[in-house]
Each structure stands twice: as structure tokens, then as C-alpha cells.
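Working notes for the structure below.
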Amino acid sequence: MRLLASCVDSGSLKEILCNVGTDTSKKAEIQPLSIRTSLSEGLKASIDTLCLCDRYRILLGRNNGTLEMVKIVDVPHTEEEGTQLPTFQVSEFEVLDSISGMLDDSKLAPLYEGSKKRVKLTDGFVTISQLPGLKDSYLVATRSGLISVVKWDAKESKLTKIETFEVKAPLEFAQLYDLGQDNSSGDFVLAYGGEENSVKLVQLKRDYSSLVQVWEAKNVKNDKLDLRVPIWPVALRFLRPLESTDVEKSKLNYQFVVITRWSHLGLYRTQHGRKPLQYKELLPNREPLTQLQLVGKDVSELGNIFATDFKDFEIVTADTKHNVYKFDIKGKLQLKFGKTDITGASSFLAVHDQKYLLQGGLDRYARIFDLQSGTRLAKVYTGSKVNYLLMLDDDQVGIDKPKVTKDKKRKPEPEDEEEQEAQNDELWHHLDKSKQNSVKKARK
Amino acid sequence: MAVEELKIKNKQKRQQLFAELKHQHNKERHTMRRARAKEEREDTEAKSKRLAENVPKTIESMREYDETVTQGIEGDEDDLMQYFNNKNEPPKILLTTNVNAKKKAYEFANVLIEILPNVTFIKRKFGYKLKEIVDICNRRGFTDLVIINEDKKKVTGLTFMHLPEGPSFYFKISSYVEVQKIVGHGRPTSHIPELILNNFQTRLGKTVGRLFQSIFPKNPDFEGRQVITLHNQRDYIFFRRHRYVFRNEEKVGLQELGPQFTLKLKRLQRGIKEETEWEHRPEMDKEKKKFYL
């Protein structure tokens, strides 16, 4: 398994090569074959998010506002003397081109002053994703509400910013819709939202000439104490449009799932109206939830699901303590990942191939879970808080050593009856003898 | 040999037998020790050799493997910068209590005022949220916010928040011994003390060590001869304060200044009480040989 982990503390990218069963916290378990640090730029320039362009290129956004196109080069692993590792390839990274100044902190200052929870908010990249149907065009969204389109020119090895649009800040996510029949034509649709910034659907023209808002969600009714329900969507995933006989063609037809920081699971259908179909609290006391990943049969590259109704798929989400939950779409808890193992909040979750769940967080471990059963497949200490994880492949390297089992403490009893009896006799004899010796003399 | 290994069905007999066996073993051991001591009185080398060979197993020495102990801190300089954000200025601490605190909290605050350098105590008022307090502190250039937590007329906890961006630590306080209770205690002076951080080994432990490092100024007044020790043992952090004196070239005298208390890390959060980085869970206590600091 080849993992790329964005490490916050050193602002670096780490390539981890490990097999199933790896656990760095136990000495007797399998250890990772290699952990290599590259592109280290320090805490202030940590990698917020990255996007895999193809097998040999990644686009990454750093916390200091730099966008970098990085080439991955496979080189054979050079073995240290004395170690007997199987032969494998490791990656080396080379920055091809970069754009800086993509962030704007000044926009966020008035926002966090108004925020009830946040003390300080710094700008960062929230999403970098490939525009559906186009090969080398990327959508880059920042927390301060700057949505840009960036193009990569492979011939000249140049990254250029084509257009930047400004939307209402702060942003927690910008999710592109990639479930259309034909992704190669028509406008791009994306959804965004954030703290006190309800979900909005916008259309981006294919020639990047304009970004128009087409739909905005409306808050739900006040709660039973007649208090306003706060808005803070943190993640969104699209479904296929509704397929039914009573679809009104004049109305927009989109469906999506939203997770909010106030632990709501919102199911939206634009045909139904601006309010959600269902808005359910997943945790008591509105404890914060931070992530959303869909688990189902047919999930697109951007994490959206090819389903036309809110059924037959599950969601994976994480809270700010240490839990990673799998809920069904009705809001019933199915499974908790890494129940006793994870000690810090998960800052990153991703589903790879509908097979693995990648988890990384503040406890400085990168973990891989089996998505269905929830068993842990690998656990690797990265030495730094993990911001982003990417699985490049899930191949096993070499043959694993057999596990060393601890020998039991107590020796097994002799099965042979005669032997046992002999032992008993010996004991009695020993005691009788000692008794004779230790008889105290009566005092005179 | 354990008592259940004797295959005797009569419990009384079995116990009696086992007691006898044990007694006998003890006797043998005592005679062996007497003989050994006699031998070693004449041959001192044998004793040192034996002691070097037979190191007793303690929970600490049998500590469960932790990969973070051997590895260095990644991005060490940046990590330090986070804590020492005001390069040359000494730390400036705001001390307060929980809302509606009782007498004990104020008494403890008096003690902490003596210990912490450059500290301002503010009586906690109603109606200010933590975020507002932090904002106020930031505007006035405070580097740390310390909150005493009192519950049912007992000081139970201590929250340290590094400003402006965190992290936040919550410690449980126990075994508090006030200065007057310590026999032969001295009076502290206003000199900046030296700091001894003992046995903070894991990555989490190092973070906790950093916190205390950042709270006390880096330029101790050596003429004060005062030392604050934070000794970590089995995840409990023992706070002690002493004055030392060099009696002669070999002997050092210690005078305790007090107070004594014990801290136990319960929670470490990113930012000002945002995402949890580490939290103590009751089931962690089940593993006796696993330590987190």
C-alpha cells in the first residue's frame, strides 16, 4: 500500500509504503517498508489539500497560499546495509510550477470576530478538484470564498490562474457535481457553504466567464424552544437527480446530503423546495461533526454517488473528539472505526475504491481501515499531525514475516498421570522432611 | 508455585500446605540473604556485580513500547516558535478562576501568583464567554491564560491556554499540600526559578513539557537558587519547589519551599478548546504498563 500523507508540523509530504497488518505502535508487528519525507517547508506552509491529477502528477495547496504542481518520479529503493527488504519502488517529488498569493486572510478577520466558537481563523485551501470532463483544469476554493480556475499546460510546464470568482465567505467545502450523463458539455455545477453560510448551488460557465448562484438552501424551522437552528454545513455530497414522473422541469433537479458542524444530517432535494427533506441530529447536544464520505455501490471520483434516492448507501463521518462513525442514511449508527485506538480528532477521512477508509488526524497516525468490517489494516506513526491522505496503490510488497507469538507464562501440566503422581509424592516428601526439621523446641 | 497448582481437593488442607511451603521458602531465602550479606561484606565487588546483573523489573522498565519516544520532534523549530511567539519578551500570564468560584479557588490562586512569573489575577465575572476573554487577553498581549477549576469547594483542575492560537491543556489536580504543612519549609523569593522537566518522553509528553517551558522565563536568576521541578512518573506530574545550597564540593542541601501538588493530563485540545488532540479515557487505566507522557 502506497500512501501519501500531508504532514502539518513540518509542512511536508510523506510517502508511506506498508503492507496489511502494519502497526508501528507494536514492536512485534509488521513495520512499514519505507517512510520518506519530501517537500518540507515548515509549519507555516503546510499542505492543506491535494488533488491527484494522474498517477504521476499531484496539485497541492499550501497554507501560505501557494499552489504547486508536483511530479512524482518512481525510483528504485536503495537498501541500507544489513536490512533484508524486498525490492520496491519509492517516489521522489519534483515541483514543476507554482502560483502564490491564492489566499486572502483579511476577509476572514471580521468573520471570526462574529463567530461564536472560533477564536482565530486563517485562510486556507478547502478544495482542489479536477473539473469533470476536462483533463488539466482544476477548481480551487479557499476558506475566504475565492473560487479560482487553474489550468496546467503540460507542454510548457506552466500553471496559470484563468479566473477568480468571489463568493460569500467562510467556506468549509466546495463540491463539484460530476454525475451528469455527459460531463464533457454544459456548465459546471458546484455547491458551497460554511459557518452561517447556508448551502448554495452555483453554475460556472464552461468558458469560465461567470459564476451564477442558482439555488440557496433555507434554514429549517425554529426548534421546540423557538430558537433558531444555527447553520454550519461542513461537507456535502451529490446524488443523481430525482427520476420520477412528477419532476417539474421548470425547477432545478439536484439532490444532495449535507453534514453540519451542529451534527445534523440534512437530505436536500431541490425539487422538494429550499428546505431539507430531512434534518436529523446524529449526535446528542449538537456535538460537532466534521467530515462526510459516502459508502455505496457506485461512487464517483469526487465522492458523489450514482443513486437517485436517499437509500442503499451509508455515510462515514467524524467528530472533534476521537470517534469515526458509520451511519446509514436514516441516521442509525452502524459502526465505529478505531474505537479504542484513535486518541485524537480525525482531521481527514477518505474512502478509497469503496474498499478502504483512510483516516488521519491530530494523534499523528495514519490509519487504513477495512470499510465494511471496520477492522484496522494498517497503522503508521507519521510524526506529525496529518492533514490529508492519498492512496496511490494497494499492492502488497514482498512476503511478510510470520508473527512471533509470546510463549505462555505458566508451564503446561504433565499429561502423564504417573508423572503427576511422582511430582505430588515428591512434594509430600519434601514437606514431611521440612516439618521434622522445623519442630520448635518447647521452652523450659 | 501457585496455590491452585497443588492438586489437593480439601481446601483447608491445601491452604495449610501452601502456607507451610511458603514459610519454608521464606526461611530459606532469609538464610541465603544472611549468608550473602556476610560474604559481600568482605567482597564489595561481588555486591556491585550482583546489583548490576539483577536489575529489578519495575512498571517503568517494563513500559510498553512507544515509537514516539525514540523519534525526534518533527518541525522542531516551528513547534517551539508556536510556544515562544514573543521572541524576547517574558511570558505574561492571566490567571482567573471558574465562574462563581469559592474561597479555595482564591487561596490556590494566591499560591499560583507566587509561583507563576509576571502573572495578573482577575476575578472571573459572569457574562464573559471564553472566546471573549481570549480576545481581551490577546489585545493586551498576554501569552497564556490559566484558569483554576474549583468544584464543591475543592480545587480540581487547572486549564492552561497558550495564546493566541492554543493549544489548551486541562490537568487534574490532586495531592495538594500547602506550604505551611511542609516541615522545615523555606520562604520563596521573587527570583525567577530554574526549571527541571523530568521524564517527559513521548511526543505528547514533550508537548506538555513545552507548555511549562514556555510559562517560565528562559533567564533564571541563579543567585536565587530556586528550582521548580516537574517530574513525570507514570503520567502523573509532580510539582515541587526547592532552594538548593552547596554545602561543600560534594554535598548539596535542599530546602523545600512548597507547595506540593500533582497534575494529571486529562485533555489536550488544538486551538482554544477546539478539536481534541488527546484525551484521557478511563479504559486507558486498564493497561498498567502503557504511559502516554
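Note: hydrogens, waters and symmetry copies are ignored here, and every other heavy atom, side chains too, is used. Each chain gets a letter, A, B and so on, in the order its sequence line appears, and its residues count up from 1.
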Could you check whether A:Asp9 pairs with A:Arg364 (Lys NZ or Arg NE/NH1/NH2 to Asp/Glu carboxylate O, under 4.0 Å)?
yes
Where is the tightest heavy-atom contact between A:Gly124 and A:Asp48, given as atom of each residue plus distance?
CA-OD2, 3.3 Å
Heaviest contributor of heavy-atom pairs below 4.5 Å to chain A, chosen from B:Asp66, B:Thr68, B:Leu204, B:Ile73, is B:Thr68
Segment of A:Ser347 engaging chain B (4.5 angstrom heavy-atom cut-off):
neither
Show the numbers, then the answer: is there a ring pair (Phe, Tyr, Trp, His ring centres under 6.0 Å) between B:Phe212 and B:Phe171?
CA-CA 12 Å; B:Phe212 294 115; B:Phe171 294 96; 5.8 Å; yes
I'd like to verify something: which residue of A:Ser346, A:Ala345, A:Ser40 has the highest number of heavy-atom pairs under 4.5 Å with chain B?
A:Ala345
With only heavy atoms counted, which part of B:Arg281 is less than 4.5 Å from chain A, the side chain, the backbone, both or neither?
side chain
Report the relative orientation of the aromatic rings in B:His280 and B:Trp278; use parallel for angles under 30°, tilted for 30 to 60°, perpendicular for over 60°.
tilted
Against chain B, work out which of A:Ser25, A:Gly11, A:Ser12, A:Gly42 has the most heavy-atom pairs shorter than 4.5 Å and name it.
A:Ser25
B:Lys290 to B:Tyr292 six-membered ring, cation-pi geometry met (6.0 Å, 45°):
yes
Where does A:Lys26 contact chain B at under 4.5 Å (heavy atoms): side chain, backbone, both or neither?
backbone
With chain A, which of B:Arg203, B:Glu74, B:Glu64 has the greatest number of heavy-atom pairs at distances under 4.5 Å?
B:Glu74
For B:Phe142, is the NZ or CZ atom of B:Lys92 found under 6.0 angstrom from the centre of its six-membered ring and inside 45 degrees of the ring axis?
yes
Quick one: what part of B:Gln71 sits under 4.5 Å from any heavy atom of chain A, side chain, backbone, both or neither?
side chain
